[in-house]
Amino acid sequence: MSEAGASERPGGEQLALIRAAVRERKLPKARPRTWRDAPLAERLPVARVLVDKGLVHLDRCFDYAVPAGLDAEAQPGVRVRVRFGAGQRDGRREGGGLVNGYVVERRADSDFTGVLAPLAQVLSPEPVLTPELLALCRAVADRCAGALADVVRLAIPPRMAKAERAPTPEPPPPPEPPAPGGWSRYPHGAAFLTALAKGRAPRAVWTALPGPRWPDELATALAATLAGGRGALAVLPDGRAAARVDAALTELLGPGHHVLLTADSGPEQRYRRWLAIHRGAVRCVVGTRAAMFAPVRSLGLAAIWDDGDAAHRDDHAPQPHARDVLLLRATQENAGLLLGGHAHTAEAARLVRGGWARPLVPERETFRAAAPLLRTVGDHDQARDEAARSARLPTLAWQALREGLARGPVLVQVPRRGYAPRLACDRCREPARCAGCHGPLASVGADEELRCGWCGTAERSWHCGECGGRRLRAVVIGARRTAEELGRAFPSVPVRASGRDHVLATVPDQPALVVSTPGAEPVPEGPGYAAVLLLDGWALLGRPDLRAGEETLRRWLNAAALARGRHDGGVVVVTAEPTLRPVQSLVRWDPEGHALRELADRETLGFPPVSRMAAVTGLPEAVAGLLAVAELPPSAEVLGPVPLPETPAGRPRRTGEPPPGEQWERALIRVPPGAGGALALALKTAQAHRLTHREGPPAWVRMDPDDIG
DNA sequence: AGCACGCCGACT
DNA sequence: GTCGGCGTGCTC
């Protein structure tokens, strides 16, 4: 059976021959091939389709023929079904499963030399993958060394036919520009709102004042953008925070102007809301990270709250970070950007230092009026204090607690279990770092040999870079019980616990002992906590993590921001060495200064975010294999590989973590500023190469890894 | 990933 | 000769 024969209209005799061949199993059973005779679209008969398969080596589009019957509906952006996967035989398509995809472009011709398969079906005429969304997904995929189809899957929720059939209401008219409200407490606050309302694209890093007003301020910025006739988007780290901004926005504008996009809503409601945004019926979105791709029409403001929170990174491949996505959107869609929080990341500091964003910071006086009184209890004070030793609580903290409980709720922040850091200087608590690459030192194996967690170099003569100390100590946690004991010490007040599985949204303005792990602090209903105790800070600070200082300060500031102002008797006590940088930054309430110094340090040490990094993980063979094929940029520096700790039993395994029993390795690759794109491309190409050639077990690639020790 | 291709050993 | 092992490579 020749190609020519197949393209002829088969006569009865030929059909009989084919049937005989099928019966004799010379040919597999042919599917109906009505399309071959069906006429194609007259204009632009080729559809370029993004096939929904997230394989890196398939990270390109495929051309399909557009049957005349689908001509009208097969517009760019619509969902289609196509046959994909099987090869060809005798010039005839056979088999191959139906997969979903998106029409990306209609074309006059194809550069594919073979016979195009036809689109099998247009699933819906809704053009969900708009050119803007496609461009954004492409940029995100490139940045994360991921496949376009994977990113599109994050950006567009699964279709629900019922939601699509519902009629779309008209969008409400733009609201009146809101009053500045809390923004009048910031020197450039009103100007920022005006710029948004006038359709400009201001970019700001906002240091929010302590207290409960930031959701109103965020809502006001969104409303100002709406007033200027554009759309707005705010991404928050968790559902609780999103609900607060949602409530503030409803208070400000009433219902109908915005939607809440969080994981709580079911698939149909989620798609319904997404469609309302896509169709322009709603112009403002408040949500968690799933909202970062929300197709807001003519975006005027992309806002993110507390960008240091780990929840802002999606855990689906290729794990984009909401901050990165919103930065890309602000640039691509010419929108304003608001990066707000009580704390500051080094990434935020970099945007300000480079002049890309302006600081939105209140005057020192305003701070002083809003902030609580901040006190520290160092280890030395603690050791001297015999009386409090039994409760493992220094006198100062004890006093603050007792006095606070007389006036209202008291918050006790306790590190979560499992935050056991590795090694630190016995004298000054500075985390022990590798002399070569500044990675964290850890004691590995039974011989307790000291090795770098990044590059694996053995360290035989460690001494502390800060104080010259030569003794190391393993930093241990014993904090949770302390908090439990506190409850017994105050039997007359109720004890409320808030933690990971058990988060309290609010607490009433009554005396109560509120014990919480970082990030789960209940919002006080009244003016704030009378006192906030930040316990065992050294345990957070001692974590062998690049971001330990930044992260500790972030958690402290977020908890301290819930306290009453000092004029209302609000006190915050932190038990950590007062000379440490994050402790000093807390006491001075200086998140910008901390982030700037952090940024400068990381720059000299060659750390992110100035340098960029990628992590390659997998079985040793996989990591080595990928590194062997990767044509890394010449400036790239490979650290490791080193063995990766096994996934702790009990905790669900995250993507890119070893399955139980497998011993994985990790290599870090670091490039200087500007080479991040080239690094991502090189790693993606290497991935594709290994996958097409079936070269051993798979390796995981992650750009900008968070947990780099 | 599937799935079909092709090129070598045990069987009718 | 032919069936089928799974090593290789492609998917419009």
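Protein chains get the first letters and strands the later ones, always in sequence-line order, with residue 1 at the start of each.
- With rounding to whole Å, A/K53 atom NZ is found 5 Å from B/dA1 atom C1'.
- One interatomic measurement links the two molecules: CZ of A/R83 to C1' of C/dC12, which rounds to 14 Å at whole-angstrom precision.
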Inset, instruction - Evaluate the salt bridge (charged side-chain N to carboxylate O under 4.0 Å, His left out) criterion for residues A/E551 and A/R547: first the C-alpha distance (whole Å), next the side-chain angles of each, then the deciding distance (0.1 Å), finally the verdict. - result: CA-CA 6 Å; A/E551 177 64 4; A/R547 288 173 240 269; over 6 Å; no

Pick out the pairs of N or O atoms, protein on one side and nucleotides 7-9 of chain C on the other, that lie under 3.5 Å.
from  : atom 1 : to     : atom 2 : distance (Å)
C/dG9 : O6     : A/R694 : NH1    : 3.4
C/dG9 : O6     : A/R694 : NH2    : 3.0

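- One interatomic measurement links the two molecules: CZ of A/R60 to P of C/dC10, which rounds to 10 Å at whole-angstrom precision.
- Stacking is not found between A/F62 and the pyrimidine-like six-membered ring of the C/dC12 base under the 5.5 Å centre-distance and 30° plane-angle cut-offs.
- Contact check for A/D314 versus A/V325: no side-chain heavy atoms found under the 4.5 Å cut-off.
- Going from atom CG of A/D111 over to atom P of C/dT11 covers 13 Å, rounded to whole Å.
- For the pair A/R48 CZ and C/dC12 C1', the computed distance is 10 Å after rounding to whole Å.
- Applying the salt bridge (Lys or Arg N to Asp or Glu O under 4.0 Å) rule to A/D704 yields the partners A/R143, A/R612; only residues at least two apart in sequence or on another chain are considered.
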Inset, instruction - Please assess A/M292 against A/L328 for the test side-chain contact (heavy atoms from CB on, under 4.5 Å), listing each intermediate value before the final yes or no. - result: CA-CA 11 Å; A/M292 62 184 157; A/L328 283 169; over 6 Å; no

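- Under the side chain to side chain contact (heavy atoms under 4.5 Å, CB included) criterion, A/A161 pairs with A/R159, A/R165, sequence neighbours left out.
- Between the P atom of C/dC12 and the CG atom of A/L98 lies a distance of 12 Å, rounded to the nearest Å.
- Per the geometry, CD belonging to A/E105 stands 19 Å off P belonging to C/dC12, to the nearest Å.
- Going from atom CG of A/D52 over to atom P of B/dG2 covers 14 Å, rounded to whole Å.
- With contacts defined as side-chain heavy-atom distances shorter than 4.5 Å, the pair A/C144/A/H321 does not qualify.
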